[in-house]
There are 2 protein chains.
Amino acid sequence: MLRAPKTLAAVMSNSPMSKDEVVDRLFAVFTDQGYDGATLAEISRATGLGKSSLYHHFPGGKEDMALAVLARADEWLRVNVIAAVNGPGTPRDRLMRMLDAFNTIYAGGKNACVLGKLVAGTARPLFQRQLREIFSRWIGALEKVAVDAGVPQRIARSRAEDAVAGIQGALILSAGLADSEPFRRRLRAIVDDLLAKAPKR
Amino acid sequence: MLRAPKTLAAVMSNSPMSKDEVVDRLFAVFTDQGYDGATLAEISRATGLGKSSLYHHFPGGKEDMALAVLARADEWLRVNVIAAVNGPGTPRDRLMRMLDAFNTIYAGGKNACVLGKLVAGTARPLFQRQLREIFSRWIGALEKVAVDAGVPQRIARSRAEDAVAGIQGALILSAGLADSEPFRRRLRAIVDDLLAKAPKR
DNA sequence: GTCTATAACGGGATAGAC
DNA sequence: GTCTATCCCGTTATAGAC
């Protein structure tokens, strides 16, 4: 998960929601509805903030909100992926920790990926730089683990790209088939795919 | 390509556009803008038809148009994939023909996939049945080729899913990185991935 | 910082003439 | 079948009180 959600008590006493919490809600909305599909009315409902309050926090409107969500996604990646890469354990151990994180944030294949949704939206040009940075960081982290495991750099790079693309595609496919199994199977296979000793792939 | 486009002369003499041609334009618009991002104004511009004419041909509005596009995608798949599977040549030959078709319709990684875009939109529930059928047909075709090449059924099925997901994900990744190389590399690798003799994968 | 109210616009969809 | 004109609603965004 991104952060601990507000307790029910906190919600019902309408205690002030921190900006972090607001961004978490935005993250969920954009993940679910995409950029073009997300309306201010729904965002208002999901955050409990009126439109004026939203524009107070995000003067640039939806675009600002999506940028905040992308920053959050980047932060999530640093905490859950980059940190795991530089952490203790064998390459396999480290990958397993990352996969746990992915399994959680994608809810076992029932959630979409906010990156994929923003890539698919008509506003993608607005976010191209951020998307490129995040995808590059993600690929770089996987590449590093494979290299640590003895995979040659060039092959590690290709496998890392395949791993990221495989996850994105599995999420699309699972959504299209209305069956989360393709995603779950992809996650199970990803460690061996990245670290395989075989010369090809 | 889907069909031969109208000649410039035909366009400029505003000769009547066939419904097939109209659907081709719709296909392009939904591929580019997605369902939520496609506006009737843009659809009207892309087809050269006024809104009333559009509603004459598609009484259900955007939803009807998207369904026509999905039917076209299914037809495309039957012609370019299913037919190739049942055609002559070695499994590898047949796969190469399919990949040519995919390379063309995705413009070497510069175009998106209309299926992925419709999966990502908020109207996905409306198209769930069609999406499921098309993805299943696509996977089934690839599975059959692998089986023909001697790959055990269960493994062939997994690889076919991976192939479809890999293409979808590579398109997302190429768009996110603004670099079509990941897609092109994925297409190059896909035949060996499907037909490999190795026990795993 | 949040609210109510509303502006300003674009969205999908329709009526009716031709 | 296509056009012009229009409706109605949802959308983004802002104003101004509190």
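These numbers were taken from a predicted model, which means no experiment stands behind them. Naming convention: chains lettered A, B, ... in sequence-line order (proteins, then strands); numbering from 1 in each chain.
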Write down the distance between [atom1] ([X]) and [atom2] ([N]), rounded to a whole number of angstrom.
X        : N       : atom1 : atom2 : result
Leu54(A) : dT4(C)  : CG    : C1'   : 15 Å
Phe58(B) : dT14(C) : CZ    : C1'   : 18 Å
Gln33(A) : dG10(D) : CD    : C1'   : 15 Å
Glu21(A) : dG1(C)  : CD    : P     : 15 Å
Leu26(B) : dG12(C) : CG    : C1'   : 15 Å
Leu49(A) : dT2(C)  : CG    : P     : 6 Å
Arg45(A) : dT11(D) : CZ    : P     : 13 Å
Ile43(B) : dG12(C) : CD1   : P     : 7 Å

Distance in Å, Glu161(A) CD paired with Leu177(B) CG, rounded so as to fall on 0.5 Å steps:
7.0 Å
Hey, could you give me the CG/CD1 distance between Asp162(A) and Ile155(A), rounded to the nearest 0.5 Å?
11.5 Å
Do any side-chain nitrogens or oxygens of [X] fall under 4.0 Å of OP1 or OP2 in [N]?
X        : N       : result
Tyr55(A) : dA13(D) : yes
Lys62(B) : dG12(C) : yes
His56(A) : dT2(C)  : no

Counting only side-chain heavy atoms from C-beta out, which of dA13(C), dT2(D), dT12(D) sits nearest to Thr39(A)?
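The closest nucleotide is dT12(D).
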What's the closest nucleotide to the Lys51(A) side chain, out of dT14(D), dT2(D), dT2(C)?
dT14(D)
Can you classify the ring geometry of Phe102(A) versus Trp138(A) as parallel (below 30°), tilted (30 to 60°) or perpendicular (above 60°)?
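The rings of Phe102(A) and Trp138(A) lie parallel, inter-plane angle below 30°.
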In terms of ring plane angle, is the pair Tyr35(A) and Phe30(A) parallel, tilted or perpendicular, where the classes change at 30° and 60°?
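The rings of Tyr35(A) and Phe30(A) lie parallel, inter-plane angle below 30°.
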Could you check whether Lys110(B) makes a cation-pi contact with Phe183(B), meaning its NZ or CZ is under 6.0 Å from the centre of the six-membered ring and within 45° of the ring axis?
no
Indicate, yes or no, whether a donor-acceptor pair under 3.5 Å links the base of dA15(C) to the side chain of Ser52(B).
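In this structure, the two groups form a donor-acceptor pair.
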5'-most contact on DNA chain D: Leu40(A) or Ser53(B), nearest heavy atom basis?
Ser53(B)
